[in-house]
Amino acid sequence: MNPVRLQRDFWLERAKQLYVGGSTRTNLPTHRSDRESLLIRNTEESWNAWDFRLNQGDIVRKEYIIKTQLPPESRSAVYPDDATLVRDLPLIEQEQLWSFLLTKGVDGNMRPDNLEWSEDRQRILFITECGNTLGRDVTGKSNTKWVVYGKPKQSYVGIVQAGKIPVLVEDLLSYYKLRYALRDTQYSPIALLGTAIRPDLAYSLSYVDKVHIMLDGDVAGRRAVPKIRKSLLNTKSFNHDLPDGLDPKDLTINQNRSLFNIG
């Protein structure tokens, strides 16, 4: 019998966590070695694995494939007519979308359960607790990663709560990751949906004593910090300077918590 096929549950789970075009190396549980001989790949047509030591492999072809072409209406701010709850999609389609979110650091414990999918726009739709709906491109070919549909009720995502310390992040996925990481603490994440504080949020933050700033570890994020601090007026602020190229969703739960001295 083919050992790779017999251990499909092992390698297939890992393959589905890769982005399309990605690969990783490891060993089958039954073939421990310092040299990783099992190549696992996620291609547009299949998930597959090949063990170079055994010279055998296995493949699972995809019945449904997320398109890599950019749809003509991808950037439209009109709410898509074909929006469908992800949980109502066929299982294979759900797994593809969950795999995409996993590549962004967001797993099933962090994502909301009311996510929608637009096949026409190739976007995952996030209906936030603030009433805003945002669509995230999955093709990787749009220069507009996020689209806000309709007229947003507020310029940010999150709630400025009495007795909670706001933590400012740039994007929605970092917000979900940090909200989960800090769920049992005094901190409450806010997604700026960019690098600037707009007037409605600045007004809400004028009533809090302390704010933590946790923008992306890049030039744009670091340049924005002094401007944000200036807009906070008399509010005391603390900045978390993340490593180059990383943002909160790239960090593990423990790494995020450790930045706040939480075990």
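- Test Pro80, Ser76, Pro71, Ser74 against Arg123 for side-chain contact (heavy atoms from CB on, under 4.5 Å) and you get one pass: Ser74.
- Across all non-hydrogen atoms, the minimal contact from Tyr175 to Gly158 is OH-CA, 3.8 Å.
- Looking at Leu134 and Val147, their side chains never come closer than 4.5 Å, going by heavy atoms from C-beta outward.
- Ion pairing between Asp58 and Arg8 holds under the 4.0 Å rule for side-chain N and carboxylate O.
- Counting heavy atoms from C-beta outward, Ile40 and Ser23 have side chains that stay 4.5 Å or more apart.
- Note on residues 11-26: pairs passing salt bridge (charged side-chain N to carboxylate O under 4.0 Å, His left out), not counting sequence neighbours, are Lys16-Glu95.
- Residues Trp117 and Leu125 fail the side-chain proximity criterion, which asks for heavy atoms closer than 4.5 Å.
- Side-chain contact between Val160 and Leu201 is present, with heavy atoms from C-beta onward closer than 4.5 Å.
- Although no hydrogens or angles enter the test, the distance criterion places no donor-acceptor pair under 3.5 Å between the side chain of Thr26 and the main chain of Thr24.
- The main-chain N or O of Trp146 is never found under 3.5 Å from a side-chain atom of Thr144 such that the two would form a donor-acceptor pair.
- Nearest heavy-atom pair, Val167 versus Tyr187, reported as atom, atom and distance to 0.1 Å: CG2-CB, 3.8 Å.
- Within the 3.5 Å criterion, the main-chain N or O of Arg87 finds a donor-acceptor partner in the side chain of Gln94.
- Between Thr103 and Leu18, the shortest heavy-atom contact is CG2-C, 3.7 Å.
- Note on Leu39: it does not cluster hydrophobically with Ile59, by side-chain heavy-atom contacts below 4.5 Å among ILVMFWY residues.
- Screening residues 189-204 for side chain to side chain donor-acceptor pair (under 3.5 Å), with sequence neighbours left out, gives Ser155-Asp200, Tyr203-Tyr207.
- In this structure, the separation between SG on Cys130 and OH on Tyr156 is 7.0 Å, given to the nearest 0.5 Å.
- Surrounding CZ of Arg53 are more than 12 heavy atoms belonging to other residues, nucleotides or ligands, all under 6.0 Å away.
- Counting heavy atoms from C-beta on, the side chains of Thr235 and Val208 come closer than 4.5 Å.
- Applying the 6.0 Å contact sphere to CZ of Arg41 captures no more than 12 heavy atoms from other residues, nucleotides or ligands.
- Considering only residues two or more places apart in sequence or on other chains, Arg179 meets the salt bridge (Lys or Arg N to Asp or Glu O under 4.0 Å) condition with Glu129.
- A 4.5 Å side-chain heavy-atom check between Lys236 and Val211 finds every atom pair outside the cut-off.
- Rounding to the nearest 0.5 angstrom, the gap separating the CG atom in Leu192 from the CG atom in Leu172 is 11.5 Å.
- The minimum heavy-atom distance linking Ala49 with Trp11 is given by the pair CB-CD2, 3.5 Å.
- Every salt bridge (Lys or Arg N to Asp or Glu O under 4.0 Å) that Arg222 has, sequence neighbours left out, goes to Asp241, Asp244.
- The CD atom of Glu36 sits 11.5 Å away from atom CG of Asp51, with the distance rounded to the nearest 0.5 Å.
- Hydrophobic clustering (side-chain heavy atoms under 4.5 Å, transitive across Ile, Leu, Val, Met, Phe, Trp, Tyr) keeps Ile165 apart from Leu205.
- Remark: side-chain polar atoms of Gln122 are paired, donor with acceptor, to backbone N or O of Glu119 under 3.5 angstrom.
- Here Leu232 contributes atom CG and Ile197 contributes atom CD1; the two are 4.5 Å apart, rounded to the nearest 0.5 Å.
- Listed by first and then second residue, the side chain to side chain donor-acceptor pair (under 3.5 Å) pairs involving residues 161-172 are Gln161-Ser188, Asp171-Ser174, Asp171-Lys249 (not counting sequence neighbours).
- Under the 3.5 Å distance criterion, the side-chain polar atoms of Asn114 are matched with a main-chain donor or acceptor of Ile127.
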Worked check of side chain to side chain contact (heavy atoms under 4.5 Å, CB included) between Tyr180 and Arg111: CA-CA 9 Å; Tyr180 180 79; Arg111 63 183 185 242; over 6 Å; no
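- In terms of heavy-atom proximity, Leu115 sits nearest to Trp98 at CD1-CZ3, 3.7 Å.
- Side-chain contact, Ser118 with Asp120: no donor N or O sits under 3.5 Å from an acceptor N or O.
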Donor-acceptor contacts, no H, no angles, side chain residues 255-263, under 3.5 Å, sequence neighbours left out:
| residue | atom | partner | partner atom | Å |
| --- | --- | --- | --- | --- |
| Gln255 | OE1 | Thr252 | N | 2.8 |
| Gln255 | OE1 | Thr252 | OG1 | 3.4 |
| Asn256 | ND2 | Pro248 | O | 3.1 |
| Asn256 | ND2 | Thr252 | O | 3.3 |
| Arg257 | NE | Gly263 | O | 3.2 |
| Arg257 | NH1 | Ala181 | O | 2.6 |
| Arg257 | NH1 | Asp184 | OD1 | 3.0 |
| Arg257 | NH2 | Gly263 | O | 3.3 |
| Ser258 | OG | Asn254 | O | 3.4 |
| Ser258 | OG | Gln255 | O | 2.8 |

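- Side-chain contact between Tyr176 and Thr128 is present, with heavy atoms from C-beta onward closer than 4.5 Å.
- Panel note: side chain Ser46, backbone Asn48; no donor-acceptor pair is recorded below 3.5 Å.
- The minimum heavy-atom distance linking Leu178 with Pro189 is given by the pair C-CG, 3.8 Å.
- For the pair Phe52 and Arg35, the minimum side-chain heavy-atom distance is 4.5 Å or more.
- Atom-to-atom distance recorded for Leu70:CG and Arg75:CZ is 9.0 Å, nearest 0.5 angstrom.
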Full working for side-chain hydrogen bond (donor to acceptor under 3.5 Å, both in side chains) between Glu116 and Thr84: CA-CA 5 Å; Glu116 295 185 342; Thr84 305; over 6 Å; no
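- Side-chain contact of Ser237 with Arg229: a donor-acceptor pair under 3.5 Å is present, judged by distance alone.
- Atoms CG and CG, from Leu168 and Asn239 in turn, are 10.0 Å apart once rounded to the nearest 0.5 Å.
- Among the candidates Leu246, Leu242, Asp247, Val169, the single residue satisfying the side-chain contact (heavy atoms from CB on, under 4.5 Å) test with Asp216 is Asp247.
- The main-chain N or O of Gly105 is found under 3.5 Å from a side-chain atom of Lys177 such that the two form a donor-acceptor pair.
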